[in-house]
Structure formats: C-alpha cells, structure tokens
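A quick write-up on the structure given underneath.
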Amino acid sequence: DCVPQPTNRAIDTRDERSLRTLDGTNIYLKRVIGGFVVTFNTHDRKTDRHEQRSYIITDEQDFQSELVKCITMEGLRR
C-alpha cells in the first residue's frame, strides 16, 4: 500500500512515503494532523537547478482526486 494510513501522530518518519519518477522528480507524502503534505523535489541536471513545491491535502478532501491534481499541476509546470 503506497498511501500512509491515518494516525493521530503529528509527524513520524514511518508516516512518510516517497516515489522517484523517471524524469528525476521525487514525490514525498507525509501524514500530518488533519491530512497530508505532498512535496515535489526536482533537479534539472542541465542547469543544476533544484526546485521544491509542497501541497496540502486535508482529511476533508478526496485524497486520490487531490493527489492527481497536484501531479497534473507539476506536470504542467514543465
């Protein structure tokens, strides 16, 4: 299961999952009180430029739908 399970802890390293995409982007999911923080880290080897963007998905939102929106937004930035 690649989605962290809900807990009552604020932040715990066991509540963090990561994924590396083919283009070198790292996606980190962190479970926090009230939802998730989704962080995208990218590194452009040609320009040696590093970028990091974070999104918040609350427990009230549909996780899958919001995660797809985050991934789409990051894809459009390139």
Side-chain angles (χ1 to χ4, degrees):
D1 195 20
C2 65
V3 178
Q5 297 302 312
T7 67
N8 291 329
R9 292 169 286 177
I11 297 177
D12 187 325
T13 56
R14 293 173 292 176
D15 292 332
E16 183 177 326
R17 303 291 188 265
S18 65
L19 171 69
R20 172 171 245 158
T21 64
L22 292 175
D23 68 353
T25 299
N26 291 312
I27 304 171
Y28 297 95
L29 298 173
K30 265 191 196 174
R31 179 71 174 144
V32 295
I33 293 175
F36 290 89
V37 175
V38 182
T39 303
F40 293 83
N41 288 319
T42 57
H43 180 256
D44 185 339
R45 291 182 185 188
K46 292 179 185 176
T47 62
D48 197 28
R49 189 172 184 183
H50 178 269
E51 292 186 18
Q52 180 176 354
R53 286 191 185 79
S54 294
Y55 300 86
I56 297 173
I57 302 174
T58 65
D59 285 336
E60 290 79 31
Q61 296 172 304
D62 177 41
F63 179 80
Q64 291 178 346
S65 162
E66 294 301 314
L67 182 59
V68 167
K69 288 179 189 177
C70 295
I71 293 170
T72 301
M73 288 294 293
E74 286 301 307
L76 291 173
R77 290 186 189 276
R78 292 182 203 157

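Start at 1 with the first residue, then count along the sequence.
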Under 3.5 Å, is there a donor-acceptor pair between the Glu74 and Tyr55 side chains? yes
Minimum heavy-atom distance between Ile57 and Cys70, given as atom pair plus value: CD1-SG, 4.4 Å
Measure the NE2-NE2 distance between His50 and His43 for me, rounded to the nearest 0.5 Å. 7.5 Å
Please name all residues satisfying side-chain hydrogen bond (donor to acceptor under 3.5 Å, both in side chains) with Thr42, sequence neighbours left out, ordered by chain then number. none
Side chains of Thr25 and Asn41 in contact at under 4.5 Å (non-hydrogen atoms): no
From CG (Asp59) to CZ (Phe36), nearest 0.5 Å: 7.0 Å
Atom OG1 in Thr39, atom CD1 in Ile56: separation rounded to 0.5 Å? 9.5 Å
In terms of side-chain geometry, is the basic nitrogen of Asp62 or Lys69 positioned less than 4.0 Å from the acidic oxygen of its partner? no
Reference residue Phe63; test side-chain contact (heavy atoms from CB on, under 4.5 Å); the match among Leu29, Thr58, Val68: Leu29
Partners passing side-chain hydrogen bond (donor to acceptor under 3.5 Å, both in side chains) against Tyr28 (at least two apart in sequence or in another chain): none
Applied to residues 39-50, the salt bridge (Lys or Arg N to Asp or Glu O under 4.0 Å) test, sequence neighbours excluded, yields Arg49-Glu51
Heavy-atom side-chain contact between Arg77 and Arg53 under 4.5 Å: yes
